[in-house]
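These numbers come from a predicted model, not from an experiment. Each ligand, and each atom within it, is numbered from 1 in the order the structure gives.
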Amino acid sequence: MLFSNSKKILVTGGAGFIGSHLCRALLTEGHYVICVDNLFTGSRTNIKTLLDLDNFEFLRHDIVEPLLIDVDEIYNLACPASPVHYQHNPVKTIQTNVVGTYNMLELARHGKSRILQASTSEVYGDPDVHPQNEDYRGNVNTVGPRSCYDEGKRCAETLLSDYHLQNNVDIRIARIFNTYGPRMAENDGRVVSNFCLQALKNEPITIFGDGAQTRSFCFVDDTVRGLIALMNYTGDDAHDPVNIGNPGEMSMLELAELIIDFCKSKSKITTHPLPQDDPKRRCPDITRAKSILNWEPKTKVTDGMELTIEFFKARLTQRHVMP
Ligand code: NAD
Ligand code: UDP
């Protein structure tokens, strides 16, 4: 149902993991949502229950190609997010982040729409400041295997900032930290999906390096709430980057033990080489988000992991029934 204050909102990457949760949340708020996705890592399954809704439209389109539609707001999420996927075709990843973001900014300029960019904690690279606040400028390799993503996202932030300065486009920059939850892709090679599937199948858990490296995991509902809060924020500093993440930091070894425990798994831990440029520590300082958006994550990692494990368990069962 559309409400009197409902907006027409474009979500690029809307058939992906975070995007599909965001589309649902915006539809629940009564908005009209146009989901644009090239289905590289996203799927129709993720948006299956939305396709019949009157206030939802799906458009299969690659944002590297220009798009002309009239909308009030744009959430630009289109971009593969896991190392396995963004390294599959690194040149395309840069194109998506630079040319794709440019196309969305042109759309925002013509339509006078507000645009939010899904940036990332990867703009901090392998950080030598801990925890990372928004003023930290990062430690990023320009020519490594992660550069197509890290530098692509950094360039996207610059493009947004320059469109704001030069064309007065109303921008928002969300630096999203590791997010997990139902509808993560099973084949994305990320630590949460790998460990859940390995534990559920009683297969060896693959720790890269010694497992002492840390990440801070935010449940997808919290991330989505943060993105919407930032889009709606209209303070004087609304155009500055904001970290959206959960400050609960843990090592990959701790994560493996938690998941083995929850799955009551017989899996054993095995170690494998650490990928090049893998960040050693990552944890968001969310002081800014707390103070300007009154936002902070609500979901405990134990609760979020349980829901995520249930999701993967259901996926495995479905595959067993329908090979
Ligand atoms: P995802 O891979 O599930 O979703 C990305 C979506 O974008 C997919 O549906 C994919 O098909 C689509 N896409 C990719 N290239 C496209 C293109 N050129 N044109 C149109 N659609 C395209 O990833 P996600 O985890 O949902 O991430 C969403 C966004 O959030 C990404 O921009 C990512 O960089 C950012 N982000 C995610 C995380 C995380 O932990 N998941 C962390 C930081 C930032
Ligand atoms: N990782 C791991 N085993 C896996 C997959 C990943 O130990 O099977 C490690 C990876 O080396 C990194 C951390 O887990 O240190 C998070 O990896 P992910 O790809 O999920 O996210 P990102 O590195 O992009 O934060």
Side-chain angles (χ1 to χ4, degrees), residues 11-23 35-44 46-47 59-65 67 75-89 92-97 99-101 103-104 116-123 126 146 149-150 152-153 156 174-181 183-185 187-198 204-218 220 223-224 227 243-245 250-253 255-256 269-282 284:
V11 179
T12 78
F17 162 50
I18 301 177
S20 62
H21 286 271
L22 176 63
C23 287
C35 163
V36 162
D37 202 297
N38 69 353
L39 300 183
F40 170 45
T41 51
S43 67
R44 284 178 201 278
N46 282 343
I47 50 168
L59 189 60
R60 186 167 185 166
H61 174 85
D62 193 311
I63 63 159
V64 168
E65 303 301 327
L67 181 68
Y75 287 85
N76 188 32
L77 271 66
C79 177
S82 79
V84 170
H85 286 148
Y86 69 64
Q87 288 166 9
H88 170 74
N89 183 345
K92 178 68 194 235
T93 300
I94 300 174
Q95 276 185 311
T96 298
N97 279 316
V99 182
T101 302
N103 284 332
M104 293 308 106
L116 180 145
Q117 171 67 8
S119 188
T120 167
S121 52
E122 291 277 336
V123 299
D126 186 5
R146 300 175 86 97
Y149 184 73
D150 301 5
K153 289 283 186 181
R175 290 187 181 153
I176 305 170
F177 283 64
N178 295 61
T179 296
Y180 71 99
R183 290 203 290 278
M184 288 184 87
N187 63 345
D188 70 0
R190 305 198 86 183
V191 71
V192 173
S193 41
N194 275 6
F195 286 4
C196 287
L197 289 166
Q198 290 161 351
I205 301 280
T206 54
I207 294 257
F208 298 166
D210 61 5
Q213 71 271 35
T214 66
R215 295 293 186 273
S216 307
F217 296 101
C218 191
V220 64
T223 299
V224 162
L227 297 180
N243 286 342
I244 299 291
M250 65 165 78
S251 72
M252 294 311 98
L253 214 46
L255 177 70
I269 287 174
T270 55
T271 52
H272 302 263
L274 189 68
Q276 188 193 327
D277 294 341
D278 199 281
K280 285 179 277 304
R281 287 187 80 181
R282 183 183 291 152

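Residue Asp37 has at least one nitrogen or oxygen atom sitting less than 3.5 Å from a nitrogen or oxygen atom of ligand 1, judged on distance alone. At least one N/O-N/O distance between Ile63 and ligand 1 falls below 3.5 Å. Where the criterion is an N or O separation shorter than 3.5 Å, residue side chain and backbone included, Phe40 meets it with respect to ligand 1. Any N or O atom pair closer than 3.5 Å counts here, and Pro83 shares no such pair with ligand 2. Of the polar atoms of Gly42, at least one N or O is found under 3.5 Å from an N or O of ligand 1, judged by distance alone. The shortest N or O to N or O distance between Leu77 and ligand 1 is below 3.5 Å. Where the criterion is an N or O separation shorter than 3.5 Å, residue side chain and backbone included, Asn178 fails it with respect to ligand 1. Considering backbone and side-chain atoms alike, Val191 places an N or O below 3.5 Å from some N or O of ligand 2.
Taking each heavy atom of Leu227 and Tyr75 in turn, the nearest pair found is O-CE2, 3.9 Å. Nearest approach of Thr101 to Asn97, heavy atoms of both residues: OG1-O, 2.5 Å. Taking every heavy atom of both residues into account, Val192 and Met184 meet most closely at CG1-SD, 3.9 Å. Among all heavy-atom pairs drawn from Ala15 and Ile47, the shortest one is CA-CG2, 4.0 Å. Contact detail for Cys23 and Cys35: the closest heavy-atom pair is SG-CB, 4.2 Å. A pairwise comparison of heavy atoms in Asp126 and Pro279 identifies OD1-CA, 3.4 Å as the closest pair.
Checked by atom type and distance alone, the side chain of Asn103 pairs as donor or acceptor with a backbone atom of Val64 at under 3.5 Å. Remark: side-chain polar atoms of Thr12 are paired, donor with acceptor, to backbone N or O of Ala78 under 3.5 angstrom. Between the side chain of Thr214 and the backbone N or O of Ser251, no donor-acceptor pair lies under 3.5 Å. Within the 3.5 Å criterion, the main-chain N or O of Ser20 finds no donor-acceptor partner in the side chain of Asn46.
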I would like to know whether Glu122 and Arg146 meet salt bridge (charged side-chain N to carboxylate O under 4.0 Å, His left out); could you show each step before the answer? CA-CA 9 Å; Glu122 291 277 336; Arg146 300 175 86 97; 2.7 Å; yes
Go through it in stages, so that I can follow the logic: the residues are Arg44 and Asp37, the test is salt bridge (charged side-chain N to carboxylate O under 4.0 Å, His left out), and I'd like the CA-CA distance, side-chain angles, deciding distance and then a yes or no. CA-CA 10 Å; Arg44 284 178 201 278; Asp37 202 297; over 6 Å; no
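Comparing heavy-atom distances from atom 16 (C) of ligand 2 across Met184, Arg281, Arg215 singles out Arg215 as nearest. Closest heavy-atom approach to atom 5 (C) of ligand 1 among the candidates Gly13, Cys79, Ser119: Cys79. Selection from Leu255, Asp278, Ile205, Thr206 by nearest heavy atom to atom 4 (C) of ligand 2 gives Thr206. Of the listed residues (Phe177, Phe17, Tyr149), the one carrying the non-hydrogen atom nearest atom 35 (C) of ligand 1 is Tyr149.
Atom numbering of ligand 1 starts at 1 in the shown order; those under 4.0 Å from a heavy atom of Thr120 are 43 (C), 44 (C). The ligand atoms of ligand 1 that sit less than 4.0 angstrom from a heavy atom of Pro80 are 2 (O), 14 (C), 15 (N). Interface of Ile207 with ligand 2, defined as ligand atoms under 4.0 Å from a residue heavy atom, comprises 7 (O). Shown in contact with Ile176 at under 4.0 Å from a heavy atom are these atoms of ligand 1, numbered in order with element: 30 (O), 42 (C), 43 (C), 44 (C). Those atoms of ligand 2 that come under 4.0 Å of a heavy atom in Asn178, given as number and element, are 21 (O), 22 (P), 25 (O). Per-residue contacts place Asn194 under 4.0 angstrom from the following atoms of ligand 2 (heavy atoms of the residue considered): 4 (C), 5 (C), 8 (O). Listed by number with element, the atoms of ligand 2 under 4.0 angstrom from any heavy atom of Arg190 are 19 (O), 20 (O), 21 (O), 24 (O). Near Ala15, meaning under 4.0 Å from one of its heavy atoms, ligand 1 places the atoms 9 (O). Shown in contact with His61 at under 4.0 Å from a heavy atom are these atoms of ligand 1, numbered in order with element: 19 (N), 20 (C). In the vicinity of Gly16, heavy-atom distances shorter than 4.0 Å reach the ligand 1 atoms 3 (O), 4 (O), 8 (C), 9 (O). Within the listing of ligand 2, atoms 24 (O) sit less than 4.0 angstrom from a heavy atom of Glu122.
Of all the heavy atoms of Thr96, the ones lying under 4.0 Å from any atom of ligand 1 belong exclusively to the side chain. The side chain of Arg190, and not its backbone, has at least one atom closer than 4.0 Å to an atom of ligand 1 (non-hydrogen atoms only; side chain from C-beta on). Contact annotation: for Val192 versus ligand 2, there are no heavy atoms closer than 4.0 Å. Counting heavy atoms closer than 4.0 Å to ligand 1, residue Ser43 contributes nothing at all. Within the 4.0 Å heavy-atom criterion, the part of Met252 lying near ligand 2 is the side chain and not the backbone. Contacts with ligand 1 closer than 4.0 Å are made by backbone heavy atoms (N, CA, C, O) of Leu39 only, the side chain lying farther away. Here Lys153 has side-chain heavy atoms under 4.0 Å from ligand 1, and that is the only part of it that gets that close.
Under the 30°/60° scheme for interplanar angles, the aromatic rings of Tyr86 and Tyr149 are found to lie parallel.
Two residues are said to be in side-chain contact when any heavy atoms from C-beta on lie closer than 4.5 Å; Thr223 and Phe177 fail this criterion. Asp62 places a side-chain heavy atom less than 4.5 Å from the side chain of Lys92. Between Arg190 and Asp188, the closest side-chain pair of non-hydrogen atoms falls below 4.5 Å. Between His85 and Thr93, the closest side-chain pair of non-hydrogen atoms is not below 4.5 Å. Inter-residue side-chain proximity for Arg215 and Val191 is flagged as unmet; no heavy-atom pair is nearer than 4.5 Å. Looking only at side-chain heavy atoms (C-beta outward), Phe40 and Thr96 stay at 4.5 Å or farther from each other. Residues Ser121 and Arg175 form no side-chain contact, since every pair of their non-hydrogen atoms from C-beta on lies 4.5 Å or further apart. Taking the side chain as every heavy atom from C-beta outward, Leu67 and Met104 approach each other to under 4.5 Å.
When hydrogens are left out, the protein atom nearest atom 22 (P) of ligand 2 is Arg146 NH2, 3.5 Å; that is the closest non-hydrogen contact. For atom 7 (O) of ligand 2, the closest non-hydrogen atom on the protein side is Phe208 N, 2.8 Å. In terms of protein heavy atoms, atom 8 (C) of ligand 1 is closest to Thr41 OG1, 3.1 Å. Summary of contacts: the protein heavy atom closest to atom 9 (C) of ligand 2 is Gln213 NE2, 3.8 Å. Scanning the protein for heavy atoms near atom 17 (C) of ligand 1, the closest one is Asn38 ND2, 3.3 Å.
In this structure, Gln198 falls outside the shell of residues with a heavy atom less than 4.0 angstrom from ligand 2. Taking a 4.0 Å cut-off on heavy atoms, His272 fails to register as neighbouring ligand 2. Assignment of Gly189 to the shell around ligand 2 is supported, since a heavy atom sits closer than 4.0 Å.
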